[in-house]
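As a basis for the values below, the full set of heavy atoms in this structure was taken, side chains included, without hydrogen atoms, waters or symmetry mates. Chain identifiers are assigned alphabetically (A, B, ...) following the order of the sequence lines, protein sequences preceding nucleic acid strands; residue numbering begins at 1 within each chain. Because the structure is predicted, anything quoted here is derived from the model rather than measured.
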Amino acid sequence: MQNDRVKSSRTITAQDSDMEVTVKGWVQEVRNLGGISFLIIRDRYGTVQVTAPKKKVPPELMSAISGIPRESVVEVKGMVKASSQVKSGYEIIPSEMNVLSMAQSPLPMGVVDKVSVEMDTRFNHRFMDLRKPETRAVIEIKSLALELLGEYMRSQDFVEMFTPKIVASGAEGGASLFEIKYFDKKAYLAQSPQLYKQMMMATGLDRVYEIGPAFRAELSDTVRHVSEFISFDAEIAFIESQRDVMDVMEGVTHHIFKGVAERGKEHLEKMGVEVKVPRLPYPIMTYSDALELVRETGLTLKEGDDLGTEGEKVIGDIMKEKGFDMYWFVEYPEDAKPFYIMEKDGTPYSYSFDLDYKGQEMASGGQREHRYERLVQRMVKKGLDPKDFEFYLNPFAYGMPPHGGFGLGIERFVVKMLDLPNIREAILFPRDRNRLVP
RNA sequence: GCCCUGGUAGUGUAGCGGCCUAUCAUGAAGCCCUGUCGAGGCUUCGACUCGGGUUCAAAUCCCGACCAGGGCGCCA
């Protein structure tokens, strides 16, 4: 079958009536009614129906069609006919079919079966799971979100950069690092580009961002944790305050929300989801305000305590009632924040923020400590040895502008935007404490 | 790491000491059917996670292992 008009379910229409076309895809199902058979072929964009009436189709082709196992890959050549009896408005009367790849039977899981499939089964057979349009739509939207993200950041003069994922030390100490063998040395998988993106602030590349994997060896086992996720990091030099960083985050998230709602319609429909675009600017509450708010609901929290998962959810509910999905927490206690965060002098707080979306932490950031002496002091205070971070500290000794930045978990963002129940839904092959295959 | 819940045909489930030769759906195989689109009808196939224990008797109760789902802490 060469030199034909190859069409996908997206490009073929009733306008192609009486034209010969070739379609390729997976056999979603065959409905054999005796004198007439219907073959539903699925591709990336949808399905097309091949209709084979006994009196118009040779017997060999009839039996080939009714005998093809589901999920086999085929190409079918035939004549397009407009028909009011088909939902799409057209059907294909076949003249030829090639089986490009025969599927074994039974299938490890059904693609269109009327029974639900457990998550574990789905992820064990992820390729099959991803044949479902609603599963694939998540991946399409993640791709669209990243496209929009890049679009916005470049429009704001950011430079996209790539920092090493094989590193000699982590940003927050050792606990959550994956150790690997690096020739005859010990190395780690990067848990964050934190140190490297800050070093860039000393170069003249004053606005940088990176999209890349981050690895965390945390023993967390929840719907919002995985061992490998895609982190969106940015860093900005010559800021006046952390507000400059927050402005960028509001801009980029807004651009993504709007773009997904507008350009992602086709995929959102497949999932039966609508994306609400949060209003700008996002409301701000200080850590102390948030603590008070949580206390009012009866949860007992001490000054300095983390809000906790429950506290975050409580505030998510309160903010939702007020009509806010996205909101800021600012000025966390400095001792709850990493060494590179700038202290708010004369208080126990820091120039830091978290961005929460629907009751869940999505991103965090703040103004960094750019003063060499103060930075070293904070390292020591956090129990780190400045000698281990010489490569990082050096740039601070030779002209480092004030700067700040953030890190945002792409999958957390996508999952909340689409109201999915588990972060794994937004990852092709999730890695967690128990899952390493496929 | 801790806590809770659960592991039954390819898939999803019911059964929770003897009525189990294990339910139903989906699927697969076969037959009937010329307009299906959750097609319909008939027939057939296919399962108790593993290892100990209790008991006359275990899918069912107990212990352990393994696996899964959810929660907590931590975080993005």
Side-chain angles (χ1 to χ4, degrees), chain A residues 28-40 42 47-57 62 66-67 69-71 81 83-88 91 93 103-125 128-129 171-173 175-176 191-194 212-233 305-313 332 336-338 354-357 360-365 406-416 421-424 426-427 432-435:
Chain A
Q28 181 159 294
E29 58 183 316
V30 181
R31 281 189 286 271
N32 183 4
L33 275 66
I36 187 167
S37 287
F38 301 98
L39 175 71
I40 310 300
R42 185 190 62 247
T47 58
V48 296
Q49 174 171 297
V50 174
T51 302
K54 204 173 204 168
K55 62 180 183 190
K56 290 190 192 165
V57 171
M62 276 307 274
S66 55
R70 296 197 305 167
E71 296 304 322
K81 292 284 174 197
S83 167
S84 56
Q85 290 171 99
V86 193
K87 280 177 182 166
S88 60
E91 61 192 352
I93 313 300
Q104 286 181 27
S105 169
L107 302 168
M109 58 173 279
V111 175
V112 289
D113 289 0
K114 308 171 251 303
V115 290
S116 57
V117 186
E118 283 205 340
M119 225 178 141
D120 196 41
T121 308
R122 290 177 45 217
F123 282 97
N124 281 338
H125 310 284
M128 192 65 82
D129 186 38
E172 349 265 325
S176 64
Q191 63 191 174
S192 140
Q194 183 64 35
F215 305 92
R216 304 277 166 97
E218 288 157 358
L219 296 176
S220 310
D221 207 353
T222 79
V223 292
R224 62 192 181 283
H225 288 91
V226 281
S227 312
E228 178 179 355
F229 63 94
I230 302 300
S231 182
F232 165 36
D233 279 85
D305 276 357
D306 198 80
L307 293 177
T309 307
E310 203 174 340
E312 269 193 317
K313 285 176 186 166
Y332 274 83
K337 287 286 168 185
D354 277 8
L355 180 58
D356 268 43
Y357 182 23
Q360 188 181 111
E361 185 176 341
M362 176 109 330
S364 66
F406 64 86
L408 179 148
I410 290 293
E411 287 91 356
R412 283 193 177 181
F413 186 71
V414 169
V415 154
K416 279 287 176 184
N422 194 310
I423 191 168
R424 281 154 253 246
I427 304 175
D432 60 35
R433 265 176 81 184
N434 305 306
R435 186 174 284 282

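Straight-line distance between the C1' atoms of B/rG18 and B/rA58: roughly 10 Å, to the nearest whole Å. Comparing the C1' positions of B/rA65 and B/rG7 gives an interatomic distance of 13 Å, to the nearest angstrom. For the C1' atoms, the distance linking B/rG1 with B/rG10 amounts to 36 Å, nearest Å. B/rG40 sits 31 Å from B/rU49 when the P atoms are compared, rounded to a whole Å. Atom C1' of B/rC37 sits at a distance of 43 Å from the matching atom of B/rU60, rounded to the whole Å. Remark: the separation of the P atoms in B/rA29 and B/rU13 is 24 Å, to the nearest Å. Look at the P atom in both B/rA9 and B/rG46: the space between them is 14 Å, to the nearest Å. The separation of B/rC48 from B/rU8, taken at their P atoms, amounts to 10 Å, rounded to a whole angstrom.
The side chain of A/I36 approaches B/rG35 more closely than any other nucleotide in the set B/rC72, B/rC75, B/rG35. Between B/rG1, B/rU11, B/rA76, one nucleotide has an atom nearer to the side chain of A/F229 than all others, and that is B/rA76. Of all nucleotides listed (B/rA76, B/rU11, B/rG35), B/rG35 comes nearest to the side chain of A/S83. Proximity note for A/K55 (side chain, C-beta onward) versus B/rG10, B/rC75, B/rU34: the nearest is B/rU34. Residue A/T51 has its side chain nearest to B/rG35 when only B/rG35, B/rC75, B/rG70 are considered.
A/M109 approaches A/T121 most closely through the heavy-atom pair SD-O, 4.2 Å.
Counting distance only, with no hydrogens placed and no angle test, the side-chain atoms of A/R224 and the base atoms of B/rA76 include no donor-acceptor pair under 3.5 Å. With hydrogens and angles ignored, a donor-acceptor pair under 3.5 angstrom links the side chain of A/S220 to the base of B/rC74.
Taking the ring centre of A/Y332 as origin, the terminal cationic atom of A/K337 falls inside the region bounded by 6.0 Å and 45° from the ring axis.
Note: NZ (A/K81) to P (B/rU34) measures 22 Å, nearest angstrom. Between the CG atom of A/D120 and the P atom of B/rU11 there is a distance of 11 Å, given to the nearest Å. A straight line from CD of A/E118 to P of B/rU11 spans 10 Å, rounded to a whole angstrom. Between the CG atom of A/L307 and the C1' atom of B/rC74 there is a distance of 14 Å, given to the nearest Å. Computed from coordinates, the A/R433 CZ to B/rG73 P distance equals 15 Å when rounded to whole Å. For the pair A/D356 CG and B/rC75 C1', the computed distance is 12 Å after rounding to whole Å. Rounded to whole Å, atom P of B/rU5 lies 17 Å from atom CG of A/D221. One interatomic measurement links the two molecules: NZ of A/K54 to C1' of B/rU34, which rounds to 9 Å at whole-angstrom precision.
The partner of B/rC37, taking Watson-Crick or G-U wobble pairs whose two distances both stay under 3.5 Å, does not exist in any strand shown. B/rG64 is paired with B/rC50 under the Watson-Crick or G-U wobble criterion, all donor-acceptor distances under 3.5 Å. Remark: B/rG18 base-pairs with B/rC56. Criterion, Watson-Crick or G-U wobble with two distances under 3.5 Å. Across every strand in view, B/rA28 sits in a pair with B/rU44 that passes the Watson-Crick or G-U test at under 3.5 angstrom. When Watson-Crick and G-U wobble pairs are counted only if both distances are under 3.5 Å, B/rC75 pairs with no nucleotide at all.
If you run side-chain contact (heavy atoms from CB on, under 4.5 Å) between A/R424 and each of A/M119, A/R224, A/E411, A/H225, only A/M119 comes through.
Between the side chains of A/T51 and A/Q49, at least one donor N or O lies within less than 3.5 Å of an accepting N or O. Of the N and O atoms on the side chains of A/R122 and A/S116, not one donor lies less than 3.5 Å from an acceptor on the other residue. For the residue pair A/N32/A/S37, the side-chain donor-acceptor check at 3.5 Å is satisfied. Residues A/Q191 and A/S176 have side chains that bring a donor and an acceptor to within less than 3.5 angstrom of each other.
A/N422 comes within contact range of the sugar-phosphate backbone alone, with a heavy-atom separation under 4.0 Å but no base atom that close. Nucleic acid contact class of A/Q28 (heavy atoms, under 4.0 Å, all strands): none. Here A/K56 lies out of heavy-atom contact (under 4.0 Å) with every strand. Within 4.0 Å (heavy atoms only), A/E312 reaches at least one base atom of the nucleic acid. As judged by a 4.0 angstrom heavy-atom cut-off over every strand, A/I423 is placed among the base-contacting residues.
Within the structure, every side-chain polar atom (N or O) of A/S116 is placed at least 4.0 Å from both OP1 and OP2 of B/rU11. Close to B/rU36, at under 4.0 Å from its OP1 or OP2, lies no side-chain N or O of A/S37. The side chain of A/R424 places no N or O atom within less than 4.0 Å of a non-bridging phosphate oxygen (OP1 or OP2) of B/rG69. Within the structure, a side-chain polar atom (N or O) of A/S364 is placed less than 4.0 Å from OP1 or OP2 of B/rA76.
Between A/V226 and A/D113, it is A/D113 whose nearest contact on RNA chain B lies nearer the 5' terminus. Each of A/M109 and A/T309 was matched to the nucleotide of RNA chain B holding its nearest heavy atom; the match closer to the 5' end belongs to A/M109.
The distance between the ring centers of A/F406 and A/F232 falls below 6.0 angstrom.
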In B/S/- notation (B base, S sugar-phosphate only, - none; protein heavy atoms under 4.0 Å), nucleotides 37-44 of chain B written 5' to 3' is BBB-----
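Between A/R70 and A/D113, at least one side-chain N (NZ, or NE/NH1/NH2) sits under 4.0 Å from a carboxylate O, which counts as a salt bridge. Using a cut-off of 4.0 Å between Lys/Arg side-chain N and Asp/Glu carboxylate O, A/R42 and A/E71 are scored as salt-bridged.
Listed by first then second residue, pairs satisfying salt bridge (Lys or Arg N to Asp or Glu O under 4.0 Å) with a partner in residues 29-40 of chain A read A/E29-A/R31, not counting sequence neighbours.
The ring of A/F38 does not lie on top of the base of B/rG35; it is either too far (5.5 Å or more) or too tilted (30° or more).
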